[in-house]
Amino acid sequence: MPDEQVSKEQEIYAQRLEKAQKWRDAGFNPYGNGYTPRHLAGEIGTRHEGQSAEELEKAGPPTYDVAGRIILLRSFGKMAFLKLRDRTGELQVQLKKDVLGEGYELLKHLDAGDFVAAEGPLIRTKTGELTIVAQRFTPLTKSLLPLPEKWHGLTDVEVRYRQRYLDLVANPEVKDVFLKRNRLVRYIREFLDARGFIEVETPMMHPLVSGAAARPFVTHHNALDIDLFMRIAPELYLKRLVVGGLERVYEINRNFRNEGISTRHNPEFTMLEFYQAYATYEDLMDLTEEMISGAARAVTGDTKVVYQGQELDFSKGWKRVSMADAIREKVPSLAPEDFQDAEKLRAVALEKMHVQAERTAAMTMNAGELMGVLFEQHAEGTLVQPTFITHFPTAVSPLARRNDEHPEITDRFELFVAGREIANAFSELNDPLDQKGRFLAQLEAKQRGQAETMDYDEDYIRALEHGLPPTAGEGIGIDRLAMLFTDAPSIRDVILFPLLKPLPR
RNA sequence: GGGAGCGUAGCUCAACUGGCAGAGCAAUGGACUCUUAAUCCAUAGGUUGUGGGUUCGAUUCCCUCCGCUCUCACCA
């Protein structure tokens, strides 16, 4: 590294190291520990919100002791204002030479980004801002790197995701997103706990690929010398627990799918899955309305939520439409009986397929699979308001119970909002012989070249043979729900550390 | 993986048709005891993502590679 060519960042770094030394010279460890502030910025602000300068003065100004990061620093020679931020809010601190005496010299060695503590009486300044006049001032942690610019903040999305800590400092609204996400998850836990569900944790590393149609990550255990799959879904484990008598269980945890990344897909994402014995998929539609409309209110304050410019109404009474009807609404040429006719469905599906690989795959699909394709092609994206789509083909529902009247469809629904799948639920298939056949059909689909298929899970069949009570289960994508409630255009905005390609070196 | 776009100072952004790389904030030195993007004076800060090519001359045009964004495919 050439000595003459010192970058700006290195220059600031060196300057700040020197300032840290000045702290030490003044008797303060720039990386010390053990200071416990007695008050919080936000609480002070709330408590004295309505009080004028005179009222504060008359009552005898209360003394407060706060600590936080300096996010703004303005010096006027013999006086300076700092703005401190802690976890509850921001508060201005005034440093005065005539109050602090020698201690005021430390000001020269402060930067925006440093952590400090200040103690003193609370006043209102001439411009009306609540301000602690520091009588005691304690530097706590020296920051060696400069903060992003105060006015424009940090907008480079790559830096925002890679260095989320900087994003949180520079863009306070980011914190609100994750507070809302936290409120969402807490609401769901309280909702399910109140209904007698118990929260469990099932394996993340699976010997088999099961529970969903997706490509897995493969990992290896050294001591056992076996390959394992990062789970794509917890489904089969949770249902084993229902077999064991845990009649209402849920898990909120990560799933991993080795697929593309987009504004709606992160390789690891958070799913709620819950299972309720003696319930049907129709019961779960009611429960889902209750839970999600309640969550909308708990998180945003209203059941009407504006997402990317369009109002979504989560008030109960959502539309319930069969998949066939949803397709027929967009493709009127299809008659109800056509959904048994693979050739007819294929002809319609091919109209919208232009990639050769896609067309080739369509050639071997059966009627049920083609119906799924047609739904995605024509209907899915148009479902803006919360809508339950029901009666999924059995061919694309390997774990769902067949409908009693129509065995080619299942007792299943998915919830769509803003054109996206948010939830997937069904009455569980608890007939072990039928389940065997469905697993075999998955193997057959794999033979045909479908990459996303489930393995045959012998132990799961054995569990079913011991008896799974009539049960309904559901999975809800927490990240996507969080997107809707925080008006986030990208899933990366609701995941603290989304997966990015590592930078070279 | 395909397509489109982007990458300039620590941050936010300029630089016309190819002609001396600039501003604001941040930084440094100075003035200032009530600021709210404080103000004023001065100073410093760059291998224009990387590597190559065209050209008298490249931030600008072409190609390689790296990263990001959007989009299609896959999926939730």
Side-chain angles (χ1 to χ4, degrees), chain A residues 2 5-16 18-19 53 71-83 90 92-99 104 108 111-113 123-129 131 133 144-162 166 169-170 211-215 232-233 255-273 353-358 361 372 376 380 414-416 420-424 450-452 475-481 483 489-492 498 500-505:
Chain A
Q5 299 249 331
V6 179
S7 76
K8 190 69 203 174
E9 200 174 9
Q10 290 169 311
E11 188 187 317
I12 290 173
Y13 195 91
Q15 286 164 358
R16 293 197 176 191
E18 280 175 36
K19 290 175 177 177
I71 55 165
L72 209 77
L73 191 156
R74 296 191 189 95
S75 167
F76 294 85
K78 298 185 180 65
M79 183 272 284
F81 290 111
L82 321 175
K83 185 155 281 186
E90 297 171 1
Q92 184 164 266
V93 172
Q94 188 179 28
L95 305 184
K96 299 172 85 169
K97 187 167 186 175
D98 56 7
V99 175
Y104 189 76
K108 278 197 293 208
D111 291 289
I123 61 151
R124 261 188 205 281
T125 61
K126 285 175 188 168
T127 48
E129 180 151 356
T131 301
V133 182
L144 299 178
L145 294 171
L147 284 179
E149 201 221 21
K150 62 185 171 190
W151 185 239
H152 296 95
L154 183 67
T155 60
D156 183 325
V157 288
E158 184 179 351
V159 179
R160 288 186 48 216
Y161 297 145
R162 285 192 196 281
L166 271 188
V169 173
R215 284 155 69 182
I232 57 173
N255 288 344
F256 307 86
R257 298 190 184 175
N258 205 341
E259 284 155 359
I261 296 175
S262 77
T263 48
R264 290 180 284 282
H265 304 265
N266 194 61
E268 52 178 308
F269 63 102
T270 302
M271 277 268 283
L272 159 69
E273 280 203 17
M353 291 182 167
H354 307 295
V355 180
Q356 194 49 50
E358 212 182 352
E376 283 167 23
E380 177 169 359
E414 285 191 356
L415 170 65
F416 291 86
R420 300 160 191 185
E421 182 186 340
I422 298 296
N424 175 21
Q450 284 194 17
E452 297 84 16
I476 296 181
I478 296 297
D479 312 271
R480 288 191 175 174
L481 207 50
M483 286 171 72
S490 169
I491 198 168
R492 286 179 286 256
L500 297 180
K501 218 168 179 175
L503 293 172
R505 282 199 324 146

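Residue numbers begin at 1 in each chain, while the letters A, B, ... track the order of the sequences.
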Base, sugar-phosphate alone, or nothing: which one does A:Gly477 contact when heavy atoms must sit under 4.0 Å apart?
-> nothing

Quote, to the nearest angstrom, the P distance that separates B:rG22 from B:rC6.
-> 24 Å

Who are the side-chain contact (heavy atoms from CB on, under 4.5 Å) partners of A:Pro146, not counting sequence neighbours?
-> A:Ile12, A:Arg16

OP1, OP2 of B:rC70 versus side-chain N and O of A:Arg492: anything below 4.0 Å?
-> yes

Integer angstrom distance from the P of B:rU60 to that of B:rC20 | 14 Å

So what does A:Glu129 hit on the nucleic acid, given a heavy-atom distance under 4.0 Å: a base, only sugar-phosphate, or nothing?
-> base

Could you check which nucleotide pairs with B:rA15 in any of the strands shown, counting Watson-Crick or G-U wobble with both distances under 3.5 Å?
-> none

Rounded to whole angstrom, note down the C1' distance from B:rA42 over to B:rA4.
-> 47 Å

Does OP1 or OP2 of B:rC68 have a side-chain N or O of A:Arg162 closer than 4.0 Å?
-> yes

At under 4.0 Å between heavy atoms, which parts of nucleotides 2-12 of chain B does protein reach? Answer with one letter per nucleotide, 5' to 3': B base, S sugar-phosphate only, - none.
-> --------BBS

Quick one: salt bridge (Lys or Arg N to Asp or Glu O under 4.0 Å) partners of A:Arg215, sequence neighbours excluded?
-> none

P gap between B:rU59 and B:rA76, integer Å = 48 Å

Euclidean distance for P, B:rU17 against B:rC61 (whole angstrom) = 10 Å

So what does A:Glu421 touch, heavy atoms closer than 4.0 Å: a base, only the sugar-phosphate, or nothing?
-> sugar-phosphate

Could you tell me whether A:Ala213 contacts a base, only the sugar-phosphate backbone, or nothing, with contacts defined as non-hydrogen atoms closer than 4.0 Å?
-> sugar-phosphate

May I ask you to verify if any side-chain N or O of A:Lys19 is less than 4.0 angstrom from the OP1 or OP2 atom of B:rU28?
-> yes

CD of A:Glu90 versus P of B:rA37: gap in Å, rounded?
-> 13 Å

Rounded to the nearest Å, what distance is computed from the CG atom of residue A:Asn255 to the P atom of nucleotide B:rA76?
-> 11 Å

Interatomic distance at P, B:rC65 relative to B:rG3, whole Å | 12 Å

Taking A:Leu415 as the fixed residue, which of A:Ile422, A:Asn424, A:Ile476, A:Leu481 is the one that meets the side-chain contact (heavy atoms from CB on, under 4.5 Å) rule?
-> A:Ile422

What nucleic acid atoms does A:Ser75 come within less than 4.0 Å of, heavy atoms only: base, sugar-phosphate, or nothing?
-> base

So what's B:rU48 paired with, Watson-Crick or G-U wobble, going by both distances under 3.5 Å?
-> none

B:rC25 to B:rA9 separation - C1' atoms, rounded to the nearest Å = 12 Å

What is the pairing partner of B:rU59, taking Watson-Crick or G-U wobble pairs with both distances under 3.5 Å in any strand?
-> none

Across all strands shown, which nucleotide pairs with B:rA42 by Watson-Crick or G-U wobble geometry, both distances under 3.5 Å?
-> B:rU28

The salt bridge (Lys or Arg N to Asp or Glu O under 4.0 Å) partners of A:Glu149 (sequence neighbours excluded) come to none

Keeping to residues at least two apart or across chains, list the side chain to side chain donor-acceptor pair (under 3.5 Å) pairs with something in residues 255-264 of chain A.
-> A:Arg231-A:Asn255

What is the distance, rounded to the nearest whole Å, between atom OH of A:Tyr104 and atom P of B:rU33?
-> 9 Å

Using whole Å, report how far CD1 of A:Ile261 lies from P of B:rC68.
-> 8 Å

Has A:Phe81 got its ring stacked on B:rU35, by the test of a centre gap below 5.5 Å and a plane angle below 30°?
-> yes

Answer with base, sugar-phosphate or nothing: what part of the nucleic acid does A:Ile422 contact at a heavy-atom distance below 4.0 Å?
-> nothing

A:Lys150 side-chain N/O to B:rC25 phosphate OP1/OP2 under 4.0 Å = no

Is the number of heavy atoms from other residues, nucleotides or ligands under 6.0 Å of A:Tyr13 OH greater than 12?
-> no

Give one of base, sugar-phosphate or nothing for A:Lys501, where a contact means two heavy atoms less than 4.0 Å apart.
-> sugar-phosphate

Pairing partner (Watson-Crick or G-U wobble, both distances under 3.5 angstrom) of B:rA4 | B:rU69

Sorted by chain and residue number, the salt bridge (Lys or Arg N to Asp or Glu O under 4.0 Å) partners of A:Glu414 (sequence neighbours excluded) come out as A:Arg412

Any donor-acceptor pair under 3.5 Å from A:Asp479 side chain to A:Thr270 backbone | yes

